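Okay, structure first, notes after.
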Amino acid sequence: MKKIVIVPSDPIHAYIKEGFSEHQLNDYFNPQDYFDEVYCLSPWQEPFQRIGNILCIKAHPRNFSKIIMKIRPDVVRGYDGCKCADWLTVNRVAGIPIVISAHDKRSSWISDSLKYADGVIYISNAVRDAITEKVDIEAERLYMLPNSINTDVFSPKSDSAYFSMLNTKYGSGKHILHVGRKAVEKNLDTVIRALTFLAPEYSCLFVGKGNTSYYESLAKSLGVADRCFFIQSIANEELPYYYSWCDCMCTPSLTEGFGIVFIEAAACGAVIVTSDIIPMNEYLTNGESAILVKDFQNPQKIAAAISLASEKNVANSNIKRAARQVGLKFSKNNISQYEIDIYKRIISQNTYNVKNRTLRTLRKVWLYPY
């Protein structure tokens, strides 16, 4: 009987609040039902709570090792490169490997305790580079595992009635779709400024959570407020229709850890305009599956790329087809199999990292706020 203990970076109920069903949670934490039993340790849970096939156990991080010893799982998995890495490496149980996922390339989200893990999963080369810059860890303990999407949900749509509704709501003309938090790194201001270099028929929908006051003021000062629509969220099942309807999807991020929105857009066959930086240029190719902009903080360059992407021609039809093929590489089935292969390899190695834990790491774990 194969068992896994998972330690997510957020409470399970936070995933449910974001719209995860029990089936999706099971699929996320137990790819293809590879493990017979899944246990979730968290300081935020109810004492004992079963969600789908996951048994959630509330515990202070200092008690993790006792619980892990009782369960005797085949592997323990943490879901962030900072607090989960600290909690689990200091609670190592002899003979049980530890695997940590790192999803963010910011230094503050990468703990030195990653060097004590048996396997570290990174979602892009950008994250891998950030890890190796900060942590002394051997290459053979690093594993690439990108994010996945449901390519049945995220697929090209052709619902004329739905598209007509969107045209009525947002006006006729050319539609730009920006998907991302209302944050500096998502570069909304450059897209807003780019509208001043585009014909009045161009408008942009900015989809993502956050404070819009600065961006609304900027749009007003530039005379393009009536061409900007700020939307806090769109249901996951509806987003593919927006990707399929828009003339181009343009989120020219200043930085990304992975950029799941670009994979979603690609799977829907959107013409994508984004920054020519990692990780986007790891899976998107300029002129082939997207339009990548080197000078991505230059409004005129972004405007020119948007104009090019919005043309109805053979080149853009080819980009749409190639983008769909890029998206398919990140299907849930493909990525789940990669994840299972990582588990198999680490479990079979039987050479677990047993470096001494430092007092500094111990202090960090016991005092870590949660």
Side-chain angles (χ1 to χ4, degrees), residues 19 153-254 256 259-275 280 290-291 293 296 299 302-303 305-312 316 320 323:
V153 172
F154 288 96
S155 60
K157 307 299 181 187
S158 56
D159 188 327
S160 57
Y162 197 98
F163 293 169
S164 178
M165 179 273 291
L166 291 176
N167 285 328
T168 300
K169 190 173 184 178
Y170 299 111
S172 58
K174 304 284 188 179
H175 302 100
I176 308 160
L177 182 66
H178 179 290
V179 184
R181 291 173 293 108
K182 307 297 191 299
V184 172
E185 59 267 26
K186 301 303 179 182
N187 204 11
L188 282 79
D189 54 340
T190 299
V191 179
I192 294 170
R193 295 178 196 281
L195 286 171
T196 66
F197 297 100
L198 291 164
E201 64 175 327
Y202 284 86
S203 62
C204 186
L205 283 66
F206 295 92
V207 180
K209 294 180 180 179
N211 190 324
T212 62
S213 56
Y214 166 74
Y215 301 108
E216 289 182 27
S217 295
L218 176 63
K220 186 176 180 180
S221 70
L222 295 172
V224 294
D226 61 332
R227 297 160 61 189
C228 294
F229 300 90
F230 297 98
I231 305 163
Q232 286 294 310
S233 64
I234 292 173
N236 224 37
E237 63 272 15
E238 290 187 56
L239 196 50
Y241 292 90
Y242 283 76
Y243 285 133
S244 301
W245 162 77
C246 69
D247 291 279
C248 88
M249 182 275 192
C250 178
T251 304
S253 303
L254 307 183
E256 287 283 354
I260 190 69
V261 296
F262 304 109
I263 298 302
E264 293 174 349
C268 295
V271 182
I272 300 165
V273 172
T274 189
S275 314
M280 286 84 86
I291 297 174
V293 183
F296 49 85
I302 292 296
I306 289 171
S307 179
L308 186 64
S310 301
E311 294 177 8
K312 306 296 182 187
N316 284 338
K320 286 172 175 280

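Numbers here simply count residues along the sequence, with the first being 1. Worth saying up front: this structure is predicted, and the values here are computed from it rather than measured.
With values rounded to the nearest 0.5 angstrom, T190 atom OG1 is found 7.0 Å from I302 atom CD1. We find the OH-CD distance between Y242 and E264 to be 14.5 Å, quoted to the nearest 0.5 Å. We find the NZ-CD1 distance between K320 and I272 to be 10.0 Å, quoted to the nearest 0.5 Å. The NZ atom of K157 sits 11.0 Å away from atom CG of L239, with the distance rounded to the nearest 0.5 Å. Going from atom SG of C246 over to atom NE2 of H175 covers 10.0 Å, rounded to the nearest 0.5 Å.
The shortest heavy-atom contact between N236 and V153 is O-CG1, 4.3 Å. The two atoms that bring N211 and K182 nearest to each other are O-CB, 3.7 Å, heavy atoms only. Counting all heavy atoms, side chain and backbone alike, N316 lies closest to L308 at ND2-O, 2.9 Å. The two atoms that bring K186 and R181 nearest to each other are CG-O, 3.1 Å, heavy atoms only. Minimum interatomic distance between V207 and L177 (heavy atoms only, all atoms of both residues): CG2-CD1, 3.8 Å. Closest of all the heavy-atom pairs between I192 and L222 is CG2-CD1, 4.1 Å.
Y243 has its side chain within reach of V179: a pair of non-hydrogen atoms, C-beta onward, lies under 4.5 Å apart. Side-chain atoms of L254 and F296, non-hydrogen and from C-beta on, do get closer than 4.5 Å to each other. A heavy-atom distance below 4.5 Å is not found between the side chains of I263 and V261. Between M280 and S253, the closest side-chain pair of non-hydrogen atoms falls below 4.5 Å. Side-chain atoms of D247 and K312, non-hydrogen and from C-beta on, do get closer than 4.5 Å to each other.
The main-chain N or O of T251 is found under 3.5 Å from a side-chain atom of T274 such that the two form a donor-acceptor pair. The backbone N or O of P252 lies less than 3.5 Å from a partner atom in the side chain of S275, making a donor-acceptor pair. Remark: side-chain polar atoms of T196 are paired, donor with acceptor, to backbone N or O of R193 under 3.5 angstrom. Listed for the S164 side chain is no donor-acceptor partner under 3.5 Å among the backbone atoms of S160.
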Output a table of donor-acceptor pairs, distance under 3.5 Å, between side-chain atoms of residues 224-232 and any protein atom two or more places apart or on a different chain; print 'none' if there are none.
unit_1	atom_1	unit_2	atom_2	d
R227	NE	Y202	O	2.8
R227	NH1	L195	O	3.4
R227	NH2	L195	O	3.0
R227	NH2	L198	O	3.2
R227	NH2	A199	O	2.9
R227	NH2	Y202	O	3.3
Q232	OE1	G210	N	3.1
Q232	NE2	G210	O	2.9

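Residues passing the side-chain hydrogen bond (donor to acceptor under 3.5 Å, both in side chains) test with E237: none are found, sequence neighbours excluded.
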Worked verdict on T212 versus F206 for side chain to side chain contact (heavy atoms under 4.5 Å, CB included): CA-CA 10 Å; T212 62; F206 295 92; over 6 Å; no
Criterion side chain to side chain donor-acceptor pair (under 3.5 Å) on N167 and W245, from CA distance to verdict: CA-CA 9 Å; N167 285 328; W245 162 77; 3.0 Å; yes
Determine, stepwise, if the pair Y214 / L188 fulfils side chain to side chain contact (heavy atoms under 4.5 Å, CB included). CA-CA 10 Å; Y214 166 74; L188 282 79; over 6 Å; no
